[in-house]
Amino acid sequence: MKKRLLFLRDGTAGTVLVAYLFIAGLVLLPTRWLGELVGARGDTAEYLGIGLMRLLLCGVLLFLMYHMDIRKRFLPRGAIALLASLPALVIAVNNLPILSLAAGTTRLTASPRAVAAFALQCVGVGLFEEIAFRGILFPYILGMTGTDVRGRFAAVLVSGGLFGALHLVNLLGGFSGGVFLQVGYSFLLGCMLAVCVFCGAGVLVCALVHAVYNFCGNVVWECGNGTFSLIWTPAEIALTVVVSLAVAAFYVLFLYKTRPAAGVALEKLFPQDGESGEGEDGKGGES
């Protein structure tokens, strides 16, 4: 099949902007009707609609990646890269209010079908957003900043900022301070997963972490009796702070120490004078 979107490689910031706006447009597509189409009602229809729509839109993103000539981004590159993603998985699991669930102060009250539909939503959202941000946008941003220490940190922060800012679309449903809180922790999550993919964990591993993070962090709110006071007890806050600081220190050090070759294999470069634009061809930043 002939690649038809290679013109997007003619620019750098412009390409990122076009792709970002396209992704934001996909996020705004209505979803509930799709859940109702398969016979679901109420919140279950909402969960199923979002999950199914995001999974369908993953096909659109994969089509876009092919025609933009973006490849080799999905699977982990070796055992070390895979192990490096484990702290991120710890963060995701810790997002579950473990202590309040163990104490019985919070519990799931929704039907198993609703919980399963919410899990599907988390899988769909995680896969869609990781393909979009860590599969498409991050390699282009890395191609602009380079893979040296300063460049890789800049790429992580910029991609995390774009990921956090995407969640401002939730303000279209009404102003809420919670949206800005979501922007903040989405920025941190985006930075963490960008480090993972830079170190070779792959988009699919990041999608798994993302889905677990969303499920653990919201299942008690969406499918249970969770309230802020019940979930965020002093003990839960202390545990989250300790785990978060430890994982943040690990990833800052890991990103600093990782050899530029890891990023060279990932970054998306733009062709100059008729040359190929893939980082795999050996044109990458140096430390």
Side-chain angles (χ1 to χ4, degrees), residues 76-100 122 125-126 129-130 132-135 137-139 141-142 145-168 178-218 228 231-260 262-263 266-267 287:
R77 297 196 306 268
I80 294 179
L82 190 58
L83 289 173
S85 65
L86 289 181
L89 187 59
V90 171
I91 286 287
V93 173
N94 184 68
N95 211 25
L96 187 71
I98 299 171
L99 298 180
S100 61
C122 294
V125 169
E129 292 184 350
E130 291 311 306
F133 283 89
R134 262 58 71 180
L137 293 181
F138 182 69
I141 296 170
L142 192 63
T145 62
T147 59
D148 60 3
V149 173
R150 180 178 296 181
R152 69 184 71 167
F153 273 95
V156 165
L157 293 173
V158 170
S159 64
L162 290 174
F163 180 60
L166 181 73
H167 293 80
L168 289 172
V179 172
F180 296 99
L181 178 62
Q182 185 183 27
V183 169
Y185 68 68
S186 295
F187 164 72
L188 296 175
L189 176 66
C191 288
M192 179 178 70
L193 294 177
V195 175
C196 289
V197 80
F198 179 89
C199 299
V203 170
L204 291 180
V205 171
C206 291
L208 171 64
V209 172
H210 194 148
V212 173
Y213 182 90
N214 284 359
F215 182 82
C216 290
N218 294 289
F228 187 89
I231 292 175
W232 289 108
T233 62
E236 198 76 58
I237 293 173
L239 177 62
T240 300
V241 168
V242 170
V243 172
S244 299
L245 290 177
V247 172
F250 170 83
Y251 278 121
V252 169
L253 181 62
F254 200 82
L255 183 62
Y256 180 79
K257 293 291 186 179
T258 300
R259 299 178 63 181
L266 174 70
E267 65 180 336
S287 61

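Keep in mind the model is a prediction, meaning the values are calculated, not measured. Reckoned from all heavy atoms, side chains included, excluding hydrogens, waters and symmetry mates.
The line from SG of Cys122 to CG of Leu208 is 12.0 Å long, rounded to the nearest 0.5 Å. Taken to the nearest 0.5 Å, the CG atom of Asn94 stands 6.5 Å off from the OG atom of Ser244. Distance check, rounded to the nearest 0.5 Å: CZ of Phe198 to CG of Leu193 gives 15.0 Å. Between Cys196 atom SG and Glu130 atom CD the span is 9.0 Å, to the nearest 0.5 Å. If you take CD1 on Ile98 and CD on Glu236, they are separated by 7.0 Å, rounding to the nearest 0.5 Å. Between the CG atom in Leu189 and the SG atom in Cys206 there is a gap of 9.0 Å [rounded to 0.5 Å].
Ring pair Phe250/Phe254 is parallel by interplanar angle, where below 30° counts as parallel and above 60° as perpendicular. Note: Tyr213 and Tyr185 have tilted aromatic rings, judged against thresholds of 30 and 60 degrees for the angle between ring planes.
Residue Ile80 qualifies as open at atom CD1: its count of foreign heavy atoms under 6.0 Å is 12 or below.
Minimum interatomic distance between Val205 and Ser85 (heavy atoms only, all atoms of both residues): CG1-OG, 3.5 Å. Heavy atoms only, all atoms of each residue included: Ala81 and Cys199 are closest at CB-O, 3.3 Å. In terms of heavy-atom proximity, Arg152 sits nearest to Tyr256 at NH1-O, 3.6 Å. Heavy-atom minimum distance, Thr145 versus Gly151: OG1-O, 2.9 Å. Closest approach of Val156 and Ala194 over heavy atoms only: CG2-CB, 4.1 Å. When all heavy atoms of Cys216 and Ala92 are compared, the pair lying nearest together is CB-O, 3.4 Å.
At least one donor-acceptor pair under 3.5 Å links the side chain of Tyr251 to the backbone N or O of Ala88.
Checked against Val243 for a side chain to side chain contact (heavy atoms under 4.5 Å, CB included), the options Thr240, Leu239, Val241 give a single hit: Leu239.
Inter-residue side-chain proximity for Leu137 and Ser159 is flagged as unmet; no heavy-atom pair is nearer than 4.5 Å. Residues Leu96 and Phe215 have side chains not in contact (no heavy-atom distance under 4.5 Å, counting atoms from C-beta outward).
Separation of the Phe163 and His210 ring centroids falls under the 6.0 Å cut-off.
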Inset, instruction - Dump the intermediate steps for side-chain contact (heavy atoms from CB on, under 4.5 Å) on Val158 and Phe138, then the final yes or no. - result: CA-CA 9 Å; Val158 170; Phe138 182 69; over 6 Å; no

